[in-house]
Each structure stands twice: as C-alpha cells, then as structure tokens.
Engineer: 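Below is one structure. I have some questions about it.
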2 protein chains.
Amino acid sequence: MDRELTDRQRQVLRFIQYHLQRHQVPPTVREIAGQFHFASPRTVQDHLRGLIRAGVVRVRPHIARGIELLGGGVGIPIVGRVPAGTPSQPFDEVEGYLEWRPLSPPDGQTFALRVKGDSMVNAGILDGDYVLVRRQETAEDKDIVVALVDGEATVKRLVKQDGTSQLVPENPSHGAISLRHDSQLVGKVIGVFRRYV
Amino acid sequence: MDRELTDRQRQVLRFIQYHLQRHQVPPTVREIAGQFHFASPRTVQDHLRGLIRAGVVRVRPHIARGIELLGGGVGIPIVGRVPAGTPSQPFDEVEGYLEWRPLSPPDGQTFALRVKGDSMVNAGILDGDYVLVRRQETAEDKDIVVALVDGEATVKRLVKQDGTSQLVPENPSHGAISLRHDSQLVGKVIGVFRRYV
DNA sequence: TGACAAGCCATACATCTGTATGGTACATCT
DNA sequence: AGATGTACCATACAGATGTATGGCTTGTCA
C-alpha cells in the first residue's frame with residue numbers, strides 16, 4: 001500500500017474532500033460518477049479501490065456514504081507562501097490541511113476544556129483558551145496535563161522529580177501543587193485553540 | 001422557528017453530533033431509531049421535524065444521510081464538568097462542540113499559516129503555532145494581522161495612531177514596523193492553534 | 001371537558017446505494 | 001507479442017433509505 005496516486009485518483013480524492021467541506025458528508029458512488037460524467041458506478045469503484053490501496057481512504061462496507069478520509073483533508077488549508085495578489089483558488093500552494101480529526105480518533109477519548117485563569121500564560125495558554133485533552137491516567141515528565149484538584153479541573157505542567165510529582169504552573173505568581181493521591185490525573189493536553197472574536 | 005428544544009429533541013441532536021464526530025457522517029433515520037430503540041422510522045421523522053422547526057438542523061430531501069447541522073457540532077466535545085470516573089458515553093455532559101467549520105465558510109477566504117519566530121509570545125502566539133487567517137485588506141486598531149513585509153508574511157498587532165499604522169510585535173526585544181504603502185495587509189488572525197506532539 | 005402538542009407505533013413504497021459480473025480500449029513494460 | 005495496469009462502460013440486484021399514510025397514548029392548558 002501507500003503507492004503513488006494517479007492523476008484521476010487525485011481528482012477523485014479532491015472531490016471527496018470538497019464534498020465533505022461543502023455538505024458535511026462524503027459523496028455517494030454515483031455522486032462521484034456524476035461529477036466526472038462517468039456512465040457507470042463501476043468506474044468509481046475502481047478509483048476507490050485505488051485510493052484504498054494507497055491508504056488514503058477507507059470504505060465502510062454496505063453503508064451509504066461510507067467513504068472515510070484517513071489522511072485528513074477536512075479542515076483549513078495550510079498555505080506555504082502567502083499569495084499577495086488575488087484571493088483566488090488557494091488550491092495549489094496548499095501544504096496540507098489543518099484539522100483536528102486525527103487528534104480525536106473515534107474512541108471518544110478526546111475532549112476540550114475551557115481554561116480559567118492565567119497560571120499557564122508563559123506556556124502560551126491564556127485565560128479563555130480551549131485545551132484539547134486526551135484522557136489518560138499517566139503522563140510523562142514535562143507534559144502539560146489536566147488534573148482534578150479539590151474537584152476542580154486545572155491545567156498545569158507535570159514535573160516528576162525524586163519520585164514525587166508536582167503540578168507546576170507557568171506563571172511566577174502562582175505556586176506549585178504537589179500531586180497527592182487524591183488529586184487525579186485526567187489527561188494530557190495535546191493541543192490549544194484560541195479564537196479571536 | 002428557533003423555538004425551544006424538548007428533551008427528546010436535544011437527545012436526538014446530541015446523537016447526531018456524536019455520530020458525526022465518530023463516523024464523519026450523520027446517521028440515517030433508522031440509525032437514530034436504533035440508538036433510541038424506536039420501533040418506527042416515523043418517530044425519528046417527528047423529532048427531525050422539530051429540530052428543523054427549531055432551526056438547528058437542515059435536511060436535504062431524498063438524500064441519504066442528508067441531515068446537516070446548522071449550529072455546528074462537528075468537532076471535539078467541550079465538556080463542562082470533567083467526569084472523574086469512567087470514560088463512558090460522552091454525549092451528556094457536553095456543553096458544545098469545538099470546531100472550526102464556522103470559521104471557514106465555503107468561500108475559501110480562510111487559511112492557516114505556520115508562525116515563525118517569537119515576536120508575538122506575549123500574546124500567546126508561539127513559534128510553530130498555526131494562525132487561522134481570514135483574508136481581508138483592512139483591519140481595526142489592535143487587531144492581530146498578517147501582513148506582507150519585504151515579501152515575507154509576518155504576524156503582528158496592528159496599531160493605528162494619529163493617522164499612521166504600525167505593526168507592533170508582542171515581544172519587548174523586537175521593534176515595531178511602520179506599515180508602509182508597499183507593505184500589504186493580507187488578513188486578520190481569527191484563531192490560533194497549537195499542537196503538542 | 002376539549003383542543004392540542006409531544007412522543008410513539010405499524011406498514012408500505014419508490015428510489016437510492018453499494019456491490020457484483022463481465023466486458024472494451026489504450027497505454028506501458030517485458 | 002504478451003502481460004499488466006489504468007480507465008472506462010452496461011447491467012443487475014439486494015438491501016438501505018427517505019418519506020408517506022393512518023393511527024394510539026399521555027400530559028398540558030384553556
């Protein structure tokens with residue numbers, strides 16, 4: 001698997017990406033056929049098989065609109081060079097797609113949490129930011145984690161030293177909290193998202 | 001339209017959101033019925049009609065999996081209280097869904113850019129972060145913007161004062177750049193995304 | 001008490017949809 | 001010359017799917 005895509009296959013893949021962005025659902029086999037003026041659904045099957053072999057797509061069998069994109073493509077295009085002039089099709093300078101579906105595999109173990117307070121400002125996590133958290137009960141030294149302290153969820157950096165664990169803020173005006181047995185680790189912060197109104 | 005949702009309707013909506021996150025596609029009418037142990041697809045139709053009247057959902061007629069969420073819901077669930085115990089069904093404590101589809105309407109005016117340098121650290125934008133940019137040629141005072149300076153894209157805060165415009169970094173060790181006519185404003189930063197490996 | 005809405009059920013049907021069978025045309029590589 | 005792979009076509013079919021018709025029950029509100 002993971003072979004090169006042919007031109008046609010790339011076109012089909014692009015259309016699937018486009019359809020997903022536009023309609024929130026992948027196209028049916030016949031909708032793809034319609035787009036490319038294929039007279040037979042079989043033709044689409046062939047191309048899909050190619051995409052599957054290349055490892056960029058999965059198809060849930062016997063399920064309507066069962067095409068799933070594996071490599072991403074649902075999101076915001078990441079441009080390499082910023083085109084100065086016309087805001088035309090960015091379709092070509094695109095380096096990839098920024099998305100967080102791969103951050104959230106279909107296991108329900110990823111969630112978002114709104115940050116309260118400024119204890120992590122020096123790590124670039126501000127009040128009101130969203131942190132993306134993957135649920136797990138252990139973490140490495142220096143990981144940024146979410147822990148339950150006195151029933152409240154806090155975001156801190158985990159520092160393991162001499163057999164003890166501490167929740168260390170990234171703000172000189174806050175103190176560290178030693179991770180006691182009653183403080184429970186909820187998960188690891190795998191991303192930060194901030195939105196300007 | 002835009003009336004209150006009933007409890008049942010809210011549950012159905014939650015399930016649609018959950019299904020979208022999990023499978024990249026909305027559920028079929030019968031998949032919803034299965035989830036709630038409805039014996040008849042008609043029951044789902046009733047609830048869908050309610051959701052349509054409430055304005056939170058659109059249904060593309062006669063199209064498989066034609067349910068479209070209007071208010072968002074494709075993304076990572078934002079939890080209110082962090083459940084300490086079992087990572088069970090997430091779809092009840094969910095406050096909303098973190099997503100950036102609303103940031104990127106299908107007009108191709110939004111793109112992402114990888115930040116180089118630390119000139120905006122004090123605004124919580126670090127080296128390697130992605131900024132989400134909406135293309136526009138003007139911006140307000142205090143907006144964080146992307147501008148082309150000497151052919152390079154930079155992220156700075158725009159400060160308008162006494163009829164002049166300046167690109168001001170959020171880092172004391174960097175200097176401001178006056179926005180000359182040959183420096184071109186590319187767009188406004190509407191979001192920041194950072195991913196921890 | 002009666003109107004009304006919410007929530008549910010049973011059944012039916014045309015069409016949509018994934019998938020299979022069995023082909024043709026045209027390049028490329030051996 | 002033969003094998004191989006890509007790209008396409010015609011047709012068929014079982015099951016999935018949206019949707020309609022016609023009900024039933026329960027609680028609410030006037």
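The basis for the numbers below is simple: all heavy atoms, side chains too, and nothing from hydrogens, waters or symmetry mates. We name chains A, B, ... by the order of the sequence lines, and we start the count at 1 in each one.
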Engineer: From the list D:dT6, D:dC9, D:dG18, which nucleotide is the closest neighbour of the side chain of A:Ser40?
Structural biologist: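 Output: D:dC9.
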Engineer: On the nucleotide D:dA7, are OP1 or OP2 found under 4.0 Å from the side-chain N or O atoms that A:His47 carries?
Structural biologist: yes
Engineer: I need the full list of side-chain hydrogen bond (donor to acceptor under 3.5 Å, both in side chains) pairs touching residues 155-167 of chain A, with sequence neighbours left out, sorted by first then second residue.
Structural biologist: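 Those involving residues 155-167 of chain A are A:Ser119-A:Lys156, A:Arg157-A:Glu170.
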Engineer: Considering residues, nucleotides and ligands other than B:Arg58, do more than 12 of their heavy atoms fall under 6.0 Å from its CZ?
Structural biologist: no
Engineer: Taking only N and O in the side chain of B:Arg42, is any of them less than 4.0 Å away from OP1 or OP2 of C:dC13?
Structural biologist: no
Engineer: Between the side chains of A:Glu31 and A:Arg65, is the shortest nitrogen-to-carboxylate-oxygen separation below 4.0 Å, so that they form an ion pair?
Structural biologist: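 Judged by the 4.0 Å cut-off on N to carboxylate O distance, A:Arg65 and A:Glu31 do form a salt bridge.
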Engineer: Would you mind telling me which of C:dT11, D:dC9, C:dT19 lies closest to the side-chain atoms of B:Pro41?
Structural biologist: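 Of C:dT11, D:dC9, C:dT19, C:dT11 is nearest to the side chain of B:Pro41.
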Engineer: Heavy atoms under 4.0 Å, any strand shown: does B:Thr6 hit a base, just sugar-phosphate, or nothing?
Structural biologist: sugar-phosphate
Engineer: Give a yes/no on whether any side-chain N or O of A:Arg65 is located under 4.0 angstrom from OP1 or OP2 of C:dT17.
Structural biologist: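 Yes, because at least one side-chain N or O of A:Arg65 sits under 4.0 Å from OP1 or OP2 of C:dT17.
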Engineer: Side chains of A:Arg8 and A:Gln11: is there a donor and an acceptor less than 3.5 Å apart?
Structural biologist: yes
Engineer: Which whole-number value in Å describes the distance from A:Asp46 CG to D:dT6 P?
Structural biologist: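 My rounded result for the distance is 10 Å.
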Engineer: Mind checking if A:Thr43 touches a base, just sugar-phosphate, or nothing, with heavy atoms under 4.0 Å?
Structural biologist: base
